[in-house]
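Numbers restart at 1 for each chain; the letters A, B, ... are given by sequence-line order, proteins then strands.
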Protein chains: 2
Amino acid sequence: MSGLVHVVDDDASFRTAIERRLKLAGYDVATYASAQDLLDAAPDDTRPGCILLDVRIPGLSGPELQSRLIAAGSNLPIIFLTGHADTPTTVQAIKAGAEDFLTKPVSSELLLDAIARALARQDAARSQRGRLDGFRVHLATLTQRERQVFDLIVRGKINKQIAYELGTTERTVKAHRHQVMEKMQVHSLAELVSIAERLGMLDSNGG
Amino acid sequence: MSGLVHVVDDDASFRTAIERRLKLAGYDVATYASAQDLLDAAPDDTRPGCILLDVRIPGLSGPELQSRLIAAGSNLPIIFLTGHADTPTTVQAIKAGAEDFLTKPVSSELLLDAIARALARQDAARSQRGRLDGFRVHLATLTQRERQVFDLIVRGKINKQIAYELGTTERTVKAHRHQVMEKMQVHSLAELVSIAERLGMLDSNGG
DNA sequence: CTTCCTATTGACCTTTGGGGCAGTGACATC
DNA sequence: GATGTCACTGCCCCAAAGGTCAATAGGAAG
């Protein structure tokens with residue numbers, strides 16, 4: 001259950017020292033000399049872990065790596081750890097979702113606290129996403145027609161209206177509707193709407 | 001459409017200078033010598049505006065004022081403006097939702113950008129809240145019984161089950177259900193569920 | 001050519017949802 | 001005591017949803 005901490009820093013002796021401290025605390029550690037090394041390694045972001053990232057490193061900077069990871073949809077929380085923190089960079093990093101921004105030298109207490117928070121947050125985010133992903137998977141199994149029916153159902157349209165809008169009959173809509181409920185594995189309209197809402201499919205609704 | 005900027009700083013000459021700059025940019029300005037002064041004034045957080053806040057001021061500090069305002073449910077965005085920024089304070093302020101964290105002396109460009117962003121964010125948040133508030137108002141007009149029926153409806157229970165759980169008859173549930181739809185001003189179950197979901201009433205649902 | 005999936009539809013029946021109309025009973029207010 | 005709100009309920013009816021059984025048709029895959 002221990003997390004894997006990805007340490008990105010160009011200072012080899014710093015990496016070694018941090019690795020020792022983190023392993024003592026029970027974490028697995030992977031080290032990288034540059035941001036590109038981490039990108040190349042394509043760390044598994046499904047297992048518990050976080051990134052400990054220096055701001056000023058050769059090649060891609062810390063914040064640049066952060067942008068890349070966000071763009072790539074990574075869900076590994078990032079803790080910045082730098083010798084010299086300037087305010088704009090700090091603000092930007094936190095706004096972009098970094099878990100924390102620490103300055104070297106960092107006490108083990110602060111560092112381990114931050115890592116624990118990062119792992120907790122990732123865990124919460126992942127369990128949240130896990131449920132939604134299940135729904136997305138089901139949603140992907142719908143045929144085009146079923147998907148159209150789904151969209152109209154969760155907007156409160158009745159079968160008669162749906163049939164009219166799709167140029168088909170009420171009986172056909174019922175058949176598709178049945179398939180939708182089956183494939184989405186729900187037993188009531190309420191559940192279906194709830195899922196659609198959580199997936200952000202009803203943002204600008206006109207009932 | 002001009003916003004009202006609340007400037008909190010213990011330095012009178014700074015307040016005057018900032019006030020002049022902001023008024024030139026077309027903003028209304030209110031100044032306060034201390035955090036307590038602002039709390040006493042209880043600024044109207046329904047009109048467009050934001051708070052420009054020094055971190056180190058006599059009495060309540062900037063971050064402390066931020067906590068108070070958050071606890072009080074204020075929705076005025078806060079921009080910190082300080083002479084000396086230390087990293088932990090910066091991180092904490094941004095995590096707590098501050099719009100920005102600037103250091104004196106600040107260029108007019110940076111300052112006005114931050115204010116514009118703050119106002120834009122407040123506006124978005126407010127229009128979002130506005131819609132939900134409408135629903136909350138309707139929800140508040142429901143009687144206790146109607147509210148119970150509402151809760152069960154949006155969880156996908158059918159009238160028969162609701163009647164059983166409330167120890168009443170199906171016909172009675174129908175009557176309450178009618179009242180719920182009427183008072184919430186919706187025309188379909190889908191709309192009702194959608195609203196419940198947005199109000200966070202379905203977080204841990206068991207269909 | 002055969003098989004599978006998808007879309008479509010008809011006929012028929014049952015369960016739910018939604019109301020109209022009417023009436024009872026408790027409780028609070030004026 | 002009169003008025004009003006809220007909860008509760010029976011009878012009856014219509015509309016909508018959902019399921020069963022059965023069948024047609026086009027397209028993709030083997």
Novice: In terms of side-chain heavy atoms of Ile158(B), which of dG17(C), dG18(D), dG18(C) is nearest?
Specialist: dG17(C)

Novice: Mind checking Thr172(A) for me? I need base, sugar-phosphate or nothing, with any heavy atom below 4.0 Å counting as a touch.
Specialist: base

Novice: Tell me the interatomic distance from Glu170(A), atom CD, to dA17(D), atom C1', rounded to whole angstroms.
Specialist: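 Those two atoms, CD and C1', are 9 Å apart.
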
Novice: Where the side chain of Ala175(B) is concerned, which of dT9(D), dT16(C), dA7(C) is the nearest nucleotide?
Specialist: dT9(D)

Novice: Please determine, by modelled atom types, if Arg147(B) and Gln144(B) share a side-chain donor-acceptor pair under 3.5 angstrom.
Specialist: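 Result is no, nothing qualifies.
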
Novice: Nearest nucleotide by nearest heavy atom, which residue falls closer to the 5' end of DNA chain D, Lys160(A) or His178(A)?
Specialist: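 In this pair, the answer is Lys160(A).
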
Novice: To the nearest Å, how far apart are His187(B) NE2 and dA15(D) P?
Specialist: 19 Å

Novice: Taking atom C1' of dC6(D) as reference, at what distance in whole Å does atom CZ of Phe150(B) sit?
Specialist: 19 Å

Novice: May I have the distance from Arg177(A) (atom CZ) to dT15(C) (atom C1'), rounded to whole angstrom?
Specialist: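 Taking atom C1' of dT15(C) as the reference, CZ of Arg177(A) is at 14 Å.
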
Novice: Could you check how far CG of Leu142(A) sits from C1' of dC5(C), rounded to whole Å?
Specialist: 15 Å

Novice: Nearest whole angstrom, please: distance from the C1' of dC8(D) to the NE2 of His176(B).
Specialist: 7 Å

Novice: OP1 or OP2 of dA17(D) sitting under 4.0 Å from any side-chain N/O of Asn159(A)?
Specialist: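 Yes, Asn159(A) has a side-chain N/O under 4.0 Å of OP1/OP2 on dA17(D).
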
Novice: Would you please test Ile79(A) and Leu102(A) for side chain to side chain contact (heavy atoms under 4.5 Å, CB included) and show each step?
Specialist: CA-CA 7 Å; Ile79(A) 298 167; Leu102(A) 306 173; 4.0 Å; yes

Novice: If the cut-off is 4.0 Å, is Thr169(B) near the phosphate of dT9(D), judged by side-chain N/O to OP1 or OP2?
Specialist: yes

Novice: What's the CD1-P distance between Ile153(A) and dA16(D), to the nearest Å?
Specialist: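 Answer to the nearest Å: 15 Å.
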
Novice: Counting side-chain heavy atoms from CB outward, which of dG10(C), dT8(C), dA7(D) is closest to Arg145(A)?
Specialist: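 For Arg145(A), the side-chain atoms sit closest to dT8(C).
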
Novice: Could you check whether Thr87(B) and Thr90(B), counting side-chain N and O atoms only, form a donor-acceptor pair closer than 3.5 Å?
Specialist: no

Novice: Treating Asp11(A) as the side-chain partner and Phe14(A) as the backbone partner, does any N or O pair qualify as donor plus acceptor under 3.5 Å?
Specialist: yes

Novice: Between Lys174(B) and Leu166(B), which is nearer to the 5' end of DNA chain D once each is assigned its nearest nucleotide?
Specialist: Leu166(B)

Novice: Do Asn75(B) and Arg126(B) have side-chain atoms, one donor and one acceptor, less than 3.5 Å apart?
Specialist: no

Novice: Distance check needed: dA17(D) C1' versus Glu182(A) CD, whole Å only.
Specialist: 16 Å

Novice: With a 4.0 Å cutoff (strictly under), does any side-chain N or O of Thr143(A) reach OP1 or OP2 of dA7(C)?
Specialist: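 So the side-chain polar atoms of Thr143(A) do come within 4.0 Å of the phosphate oxygens OP1 or OP2 of dA7(C), strictly under.
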
Novice: So, OP1 or OP2 of dC8(D): does either fall under 4.0 Å of a side-chain N or O from Arg171(B)?
Specialist: no

